[in-house]
Structures are given as C-alpha cells and as structure tokens.
Amino acid sequence: MKTLHLAVAGASGQLGTLVVNELIRQRAIHPGMALTAITRTPDRHAAWQEQGIGLRFGDFDQPQDLAAAFHGVERLLLISTNTIDGTGRRLAQHRHAIEAARQAGVGHIVYTSFLRPEEGKRSLLNDDHLATEALLHESGIGHTILRNAFYQDLLLVVLGTAAVDGKLRTAMGQGHVSYVAREDCAHAAAAALADGYLGRRILDITGPAALDAPALAAIAAHLFGQPVQVVDLDAEERARHFIAGGMPAPMAKMLAGIERWLSSDAMHIVSDDYCALTGRQASPVQAFLQAHRRQLLAPTLPPA
Ligand SMILES: NC(=O)c1ccc[n+]([C@@H]2O[C@H](COP(=O)([O-])OP(=O)(O)OC[C@H]3O[C@@H](n4cnc5c(N)ncnc54)[C@H](OP(=O)(O)O)[C@@H]3O)[C@@H](O)[C@H]2O)c1
C-alpha cells in the first residue's frame, strides 16, 4: 500500500496540536500515513517524535528554507498565522508558504480561512483570508479551503462577567453567530488532509446553530442557575467595558468593532459541511460552556 505523506504547518499552535493528535489517532486505525509536523519550535515535540512523527523547522517569515521543509509532502495543512497586525505580514507569510509548496511539488493544500470572506468587508479578520484564498486559486495547486466560524472560545470573552452580575453586555445587536468548537475545526482539517481529495473545494465549518444574544443569555442562565439579561451597548461603550475589565485598549476596540459588525447578521450561517466531511455532528455551544463553567464562574470563586 502506498504511503500518503501528510504535513501540518503551524503544528505547535492550539489548532495544529489538535490536528496532529487527531492524525496520530487516525493513523493507528488506518496505517499508511506518514505524518510531519512543521513548526517554528520543533524542539518542543520530543513526544511526537517518539510516536514516529517527522519534525521539521518551518517559519513563514523565512521563505528561503520553506521549500525544503515541505519536501516530499503530498498534502499540507497551512494554518493561517496569528500575525494579525494590519501590516500585511500575515499575507506575506501565507504567500511564502504557498510559493514554497508549489516549489516542493505539494499536491494539495488545506487552508484554514474564515467564514465567508467577501470583497468590501474590510477588516483585519477578513482581508488576509480573502487574499490568501485568491493566492491559492492562482497557484494551480489543488486545495481545500476550510472557512471556520468564530471559535467557541470567544464566548469566554462574550459572556464576560455575566455569571457575576447576570448581565450579558454586547454590541452584537440582532446578529447571530454559529460559534464552532476548535476541536471540530481540527477534526475537519484532519479529515480534509487525510481523505485524498484532489480538486478544489470550499467548506463552511460552523457550529450546529446560529445564536443571537438572547439565545446566548438563555444558555448562560441555564448554566449559571440565575437569570441573565441582555444589555445592548454600542461599540464605544462595549470597548470601555472591556477596558474597565482590564483588557488592553487596542484589543478592546478590535473586539468591540467585531461585535458591532456581527449586528449586520453577516455571520448568520449554519452549514452541514462539517458533518459531510467528518461524519460527525458539530459540538454545541452548551457543551463548551459546560466544560468551561469553572472559568466562567471564576470571579465568584473564593481564592484557592
Ligand atoms: N475562527 C476563529 O475564531 C479564530 C480565532 C483565533 C484565531 N484564528 C486563526 O486560526 C489560526 C489557528 O488558531 P489557533 O487557535 O491554533 O491559534 P494559535 O494557538 O495562536 O496558533 C498560532 C498559529 O500561527 C502559526 N504561526 C505564527 N507565526 C508563524 C510563522 N512566522 N510561520 C509559521 N507559522 C506561524 C503558529 O505555528 P507554530 O507556532 O507551530 O510555528 C500556530 O499554528 C490562528 O493562527 C488564526 O489565524 C481563528
């Protein structure tokens, strides 16, 4: 049986780690996969090496070494970097990776994009993904674009102090969001790498439901065992509230701006692409919040 060489670039991040571990699990069931983890920090992964995972150094800021890092790889997961600084660096990183993959003869790239990037929707979240998708189309390389919804982790910020004072402060207005579990994004990426698909496809990876603020408040109320009331704020008020809670101003303004943008209902998208790709059901928000209940209630817990 021919061995399929899969690689994860960005393997040390939270998503990358989940994908590598999922592929190790799949390899135990379906041998015939060679796995390589490519990262800026290969030294941190002796445990993977012991499990037969190839480890290579790869930094998208150092394009001269990237084609060697991708040598022999047939299917590559390109995880979008977290260099979200508005300087264009992230797009340059992605361009370097795609060009190196072309030079190395990679047959298929799986890219983690963001839900429904569109022309004219100028934002730090959108633009790099839209441009990277275009680079993939131009590259001639077969690809799978996974347009991931917002991670459920963001709910830890969205719900903020709701467990303490029963108020869900938000600038998302009437908008809905189909928050997805990072684990589900990892399952989708692992499945798209391993399934051998050779063409070009775009898949929306969302949670099972699009929730508005009242729905989130109802879930939170059930979890906390007390009423939770929605308090509508505009973007400036929301940013001030984040800052009052200790968040740095640039981050507060960015998150408040994103919440305000959600009020346009642009993220009201629920897809069954995840189910079709993985054969699994996407995990609901309730499960994530239950798993992080302690963290949400932390402000009310006595010091350890
Ligand atoms: N959908 C959402 O709600 C959401 C939320 C946050 C982020 N994201 C996006 O999804 C990506 C993965 O999420 P995550 O939770 O795993 O983020 P994370 O834990 O912050 O991981 C950051 C990722 O960026 C990679 N990276 C950074 N600089 C790089 C460079 N110079 N060259 C190569 N790789 C570089 C890291 O790879 P190594 O450390 O292995 O080199 C790692 O895979 C993020 O990077 C971001 O683009 C999506």
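As the structure is a computational prediction, the values presented were derived from the model and not from experiment. For the single chain, residues carry numbers from 1 onward in sequence order. When a ligand or atom number is given, it counts from 1 through the structure's own listing order.
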Please state which protein non-hydrogen atom is closest to atom 14 (P) of ligand 1 and give its distance, to 0.1 Å?
-> Leu15 N, 3.9 Å
Which of the listed options, Phe57, Tyr179, Phe150, Tyr151, holds the heavy atom that is closest to atom 13 (O) of ligand 1?
-> Tyr151
At a 4.0 Å threshold, what atoms of ligand 1 neighbour a non-hydrogen atom of Thr39?
-> 38 (P), 40 (O), 41 (O)
Atom indices of ligand 1, in the order listed, that fall short of 4.0 Å to a heavy atom of Arg182 | 15 (O)
More than 12 heavy atoms of other residues, nucleotides or ligands under 6.0 Å from CD of Gln174: is that the case?
-> no
Do the two ring centres, one from Phe114 and one from Phe150, sit under 6.0 Å apart?
-> yes
In the protein, what heavy atom is nearest to atom 34 (N) of ligand 1, and what distance, to one decimal place, separates them?
-> Thr81 CG2, 3.9 Å
With heavy atoms only and a cut-off of under 4.0 Å, state how Ala9 meets ligand 1: side chain, backbone, both or neither.
-> neither
Could you list which atoms of ligand 1 come closer than 4.0 Å to a heavy atom of Ile79?
-> 11 (C), 12 (C), 43 (O)
Using 30° and 60° as the class limits, which term best fits the ring planes of His187 and Tyr274: parallel, tilted or perpendicular?
-> tilted
Could you name the option among Gln14, Gln62, Arg147 that has the heavy atom nearest to atom 18 (P) of ligand 1?
-> Gln14
Can you find a heavy atom in the side chain of Ile79 that is under 4.5 Å from one in the side chain of Leu77?
-> yes
Check each atom of ligand 1 against the heavy atoms of Gly10 and keep those under 4.0 Å away; list them by number with element.
-> 37 (O), 38 (P), 40 (O), 42 (C), 43 (O)
Group every Ile, Leu, Val, Met, Phe, Trp and Tyr by side-chain heavy-atom contacts under 4.5 Å, then state whether Met267 and Ile145 land in the same group.
-> no
Would you mind checking which non-hydrogen protein atom is closest to atom 1 (N) of ligand 1, with the distance to 0.1 Å?
-> Ala149 O, 2.9 Å
Counting each atom of ligand 1 from 1 as listed, which ones have a heavy atom of Gln93 under 4.0 Å away?
-> 31 (N)
Closest protein heavy atom (residue, atom, distance) for atom 36 (C) of ligand 1 | Arg40 NH2, 3.6 Å
If you measure from each heavy atom of Asp59 to ligand 1, is any distance below 4.0 Å?
-> yes
Under a 4.0 Å N-O cut-off, is there an ion pair linking Asp128 with Arg90?
-> yes
Quick one: look up the protein heavy atom nearest atom 21 (O) of ligand 1 and list residue, atom name and how far away it is.
-> Gly13 CA, 3.6 Å
What part of Ser80 sits under 4.0 Å from ligand 1 if we count only heavy atoms: the side chain, the backbone, both or neither?
-> both
For ligand 1, is any non-hydrogen atom under 4.0 Å from Arg90's backbone (N, CA, C, O), its side chain (CB onward), both, or neither?
-> side chain
Can you tell me if CD on Glu236 sees more than 12 non-hydrogen neighbours from other groups inside 6.0 Å?
-> no
Got a sec: does the CD of Gln286 have more than 12 other heavy atoms crowding it under 6.0 Å?
-> yes
Atoms of ligand 1 less than 4.0 Å from Ala11 heavy atoms?
-> 40 (O)
To the nearest 0.1 Å, how far is atom 20 (O) of ligand 1 from its closest protein heavy atom, and which atom is that?
-> Asn82 ND2, 3.2 Å
